[in-house]
Each structure stands twice: as C-alpha cells, then as structure tokens.
Amino acid sequence: IGFICMVSCIVINCLTYFILPYSPYSDDVGTAIGIVGLCIFPGILSFNTEIMLISLKRARMVAVIGVFENTLRLIISILLLWISPSVEGLLWVLLVTKSVSFFAYFVVQRNIFQGRYRIKIDILKDVYTVLPTFFASTVIYVIFSRLDYLVLSWCAPITHVGYYAIAYR
C-alpha cells in the first residue's frame, strides 16, 4: 500500500509541478504548494512505518516519536515567527520535522529488523497489476475533492480562495 501511495504521489506531484506555471497562483503560492508536495513523501513513509510498528505492538515508540516531532515543530515555528515571520518558512519547518520523524522511524525499524529486508518480485508484479486502477481512482478523488478550489481560483482572486479554504477547514 505504501508503495502504491508513493508512486501515486510522485505522479501527482509531477503533474502539479508542470501545471503550476499555467495556474493563476502567484510564485509564493506555487512555492508553498511545491514544499507541501515534498512533505508528502516523508509523511507517507512515516505513516507506513507507524502502521508497521503498531502492528508489532510497539505503539510506545510511535507515541514518543510523534511527541518529539510535534514539539520540535512547535519550538522551531515559534522561533521562526519571532525572528522572521513567513508562511514559506513554516512550510520548510514542516518538511524538516516530517523528515526528522521519518529518519527516527527508519532507525527504529532498522534496529527491529536488522537487515532482513528482501524484495519479492511476485508481490511487485501484483502491485503493478493494481497500480493503474489505484492511480486513476486517486486522481479522480483529488480532482473531485478539490474541484471547488479549482473553480473558485478561476473566478475569484487568490486571497478569496485562501479565505474559503480557512473557513472550510
């Protein structure tokens, strides 16, 4: 599942990267979307590792890493806002803390399995057969779940889209 998610995210991020120059968004918004797109990778990898650790009855490690990640993000965000407030800086903080969290999960996972990784070709073939369907359904879901933002961005200034997004969340 993690592999399918990663492939789908790579394709969607690539499409977004190539579509952004033709969108009505400013360079700042485009940069922010790119940074958030990068955050998806360590986030998905961390999520997959969390599932594995919880299934191995090691939820305490997940909790400790989660508290560490969020505390680190909070401290760095406060310092950043105090020194030089910027949304782009906060997004970089998100990327860094997600990456640190994934690295911590990787170390924990490596200590548990100690080199017992093997790629099974049969499983990759099975994944490859369902990948197009999974990808198509993911793209359709993303389009329909964000269609209101897309239409609003064509009809109204970007600040109105931002207000709408804040109010909707």
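The shown structure was predicted, so the numbers you read here are calculated from the model rather than taken from an experiment.
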> Measuring from Leu79:CG to Leu74:CG, what's the distance to the nearest 0.5 Å?
Replying inline: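 Answer rounded to 0.5 Å: 9.5 Å.
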> What distance do Leu91 atom CG and Ser77 atom OG have between them, rounded to the nearest 0.5 Å?
Replying inline: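 OG of Ser77 is found 9.5 Å from CG of Leu91.
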> How does the hydrophobic cluster around Val67 look, that is, which other residues are in it when side-chain heavy atoms under 4.5 Å mark a link?
Replying inline: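 Besides Val67, the cluster holds no residue at all.
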>> Side-chain heavy atoms under 4.5 Å apart, restricted to Ile/Leu/Val/Met/Phe/Trp/Tyr: what other residues fall into the cluster of Leu72, or is it alone?
In response: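 Hydrophobic cluster check, Leu72: joined to Phe68, Ile76, Leu80, Leu81, Leu90, Val93, Val96, Val100.
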Only pairs under 3.5 Å count here: list side-chain donor-acceptor contacts from residues 33-43, not counting sequence neighbours, and write none if there are none.
none

>> Does anything in residues 89-105 form a salt bridge (charged side-chain N to carboxylate O under 4.0 Å, His left out)? List the pairs, not counting sequence neighbours.
In response: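 Residue pairs with at least one partner in residues 89-105: Glu69-Lys98.
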>> Show every salt bridge (charged side-chain N to carboxylate O under 4.0 Å, His left out) that has at least one partner inside residues 29-39, sequence neighbours left out.
In response: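 As it turns out, there is no salt bridge (charged side-chain N to carboxylate O under 4.0 Å, His left out) pair with a partner in residues 29-39 once direct neighbours are skipped.
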> Taking only residues two or more places apart in sequence or in another chain, which ones pass side-chain hydrogen bond (donor to acceptor under 3.5 Å, both in side chains) with Thr97?
Replying inline: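 Per chain and number, Thr97 pairs via side-chain hydrogen bond (donor to acceptor under 3.5 Å, both in side chains) with Arg73.
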